[in-house]
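Chain identifiers are assigned alphabetically (A, B, ...) following the order of the sequence lines, protein sequences preceding nucleic acid strands; residue numbering begins at 1 within each chain.
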Number of protein chains: 2
Amino acid sequence: MDIPQPIISTVDIVLLLIKDERLCVTLSKRDKDPYENQEALPGGYIHAEEDRDCLDAAVRILRQKTGLLPPYLEQLKTFTGAARDPRGWSISVAYFALVDADLILSSANPGLTICPVDALRRLPFDHNEIIAAAVDRIRNKSQYSSLPCYLAGETFSLPRLQKIYEACLGEALHKVSFRRKMDELGVLEAVPGQTESAGAHRPAQMYRLKSEFKNQLKLLVRGL
Amino acid sequence: MDIPQPIISTVDIVLLLIKDERLCVTLSKRDKDPYENQEALPGGYIHAEEDRDCLDAAVRILRQKTGLLPPYLEQLKTFTGAARDPRGWSISVAYFALVDADLILSSANPGLTICPVDALRRLPFDHNEIIAAAVDRIRNKSQYSSLPCYLAGETFSLPRLQKIYEACLGEALHKVSFRRKMDELGVLEAVPGQTESAGAHRPAQMYRLKSEFKNQLKLLVRGL
DNA sequence: ATAATAGTGTCTGTAAGACATTATCAA
DNA sequence: TTGATAATGTCTTACAGACACTATTAT
């Protein structure tokens, strides 16, 4: 009994970033069937002989398809079943990554498209569902953690960071409370002397993640 | 290129319950190699020809190994890699289930053991790690949801429910605040006239989940 | 009556949001 | 000077925890 059937095992990655103050996902043109030449989540087979585990596979696939290693990468959820892939019963271990938009937009990678998560058309497989799960995840974690800071690049002003949080959460935030909470989180430090002039008004102080938090999320006891 | 290697695909289930006011996990004696006759998480191969998806497989395996369908079952996390199973590169989609202890303890299922999550010995595979992830999950969700109610059975007193929440969270709760929050959640209703006498003192009012919440979690904006 | 726990009312400190004011730039 | 946004101070309200008190049972 119990002879396992062959199951297609893949990894898909939801790479999120902020463009024009909107939360966007990175799509990649598929280079083979099924759905050849269509936009879909970057993904690929697990290579059992090469990848130590799925996280390893996600890193490899991200490098191949986007050329970068995002500062934040975590497992999202696994999508399975007979119906989601025309090739048959499949497992896709989905990952969830955040990156500063400039890193992608500057590299001008030809096969990639950036699309707002609230303006997606119908995608192959169950990729719409996977992206919805990623948006849920970032919404949730943005309420009580420093997660959105990974979308902000090296240095950033507090007004811009607030815009990023708002894009993640899908709602406006109270300025004073937001600043109190960021202060309470304690992950930011002002960059001495560095400000950002953005028009005919007082320039904003620039901040950066304290080095000890560049690879570590900080959580709040109470949310934003 | 890209010819997928065979990968072992399984489902493992962390079935949690409260026994003696402690959070416990259900272990099952393995009936085949590897680790035959050792206690481990109930699990099994995905049957591609039989299971529509992994949730389906989890339900089937739960029925086979425990004989019951818990009121709460959700995907936990997927554990993968070359190192976790002596048979080779494997994927285990782990699920997380809650059940009223009486349902297991009364059925006297011979192959099952109930063990407190903070008194586990070393288990086969990476099952300790999987259980740790489940405990993390329930800790987290217990802070702001009605999740622990699924551990409480049909009817229960508020003092008992508080004990259950405390076992999930691993810390004592403030009585007045706990009751305020349960009231705010609005998932409970008093069972008219039904009380529980537990010694030489005032008996406790019994409550039950409102029927509309028996299959639906309720979340708090702010935690407990 | 007493002991023990169930259940509730009130007070207080804290934290979040509302509002207002000051700061600093470009034009 | 004006207009725009940055940044901060103050007030109000809401909520969580502390404490105290009442309720109800068995012995």
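The NZ atom of K181(A) sits 12 Å away from the C1' atom of dG17(C) (whole-angstrom rounding). Atom-to-atom, CD of Q162(A) to C1' of dT5(D) comes out at 12 Å; the value is rounded to the nearest Å. Across the protein-nucleic acid pair, E196(B) atom CD and dT24(D) atom P stand 18 Å apart, rounded to whole Å. Taking atom CG on L158(B) and atom C1' on dT8(C), their separation rounds to 13 Å, with Å as the unit. Summarising the geometry, the separation between CG on L173(B) and P on dG7(C) is reported as 16 Å, rounded to the nearest angstrom. In this structure, R222(B) atom CZ and dA16(D) atom P are separated by 6 Å, rounded to whole Å. Atom CG of D183(A) is separated from atom C1' of dG9(D) by 15 Å (rounded to the nearest Å). Spacing between atom CZ of R160(A) and atom P of dA7(D) amounts to 14 Å, rounded to whole angstrom units.
Between E74(B) and K77(A) there is no salt bridge, since none of the side-chain N atoms of the basic residue sits less than 4.0 Å from a carboxylate O of the acidic one. With salt bridges taken as basic N to acidic carboxylate O contacts below 4.0 Å, none links E212(A) and K218(A). Under 4.0 Å is where a charged nitrogen must lie from a carboxylate oxygen, and between R84(A) and D53(B) no such pair does.
Shown here for Y165(A) and S146(A), the closest heavy-atom pair between the two residues is OH-CA, 3.3 Å. Summarising the geometry of C54(B) relative to T80(A), their closest heavy-atom pair is N-OG1, 2.9 Å, with the distance given to 0.1 Å.
In terms of phosphate contacts, R179(B) brings a side-chain nitrogen or oxygen within less than 4.0 Å of OP1 or OP2 of dG7(C). Residue S197(B) places no side-chain N or O under 4.0 Å from the OP1 or OP2 atom of dT25(D).
Aromatic rings from Y207(A) and F156(A) are positioned such that their centres are separated by 6.0 Å or more.
Using a 30° and 60° split on the angle between ring planes, Y72(A) and Y150(A) fall in the parallel class, below 30°.
Positionally, the nearest nucleotide of DNA chain C for A200(B) lies more toward the 5' end than for the other of A200(B) and Y207(B). Comparing R180(A) and P203(A) along DNA chain D, the residue whose closest nucleotide (by nearest heavy atom) sits nearer the 5' end is P203(A). Of the two residues near DNA chain C, M206(B) and F178(A), the one whose nearest nucleotide lies more 5' is M206(B).
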Pairs: protein N or O with nucleotides 19-23 of chain C N or O, under 3.5 Å:
from, atom 1, to, atom 2, distance (Å)
dA23(C), O4', R202(A), NH1, 3.1

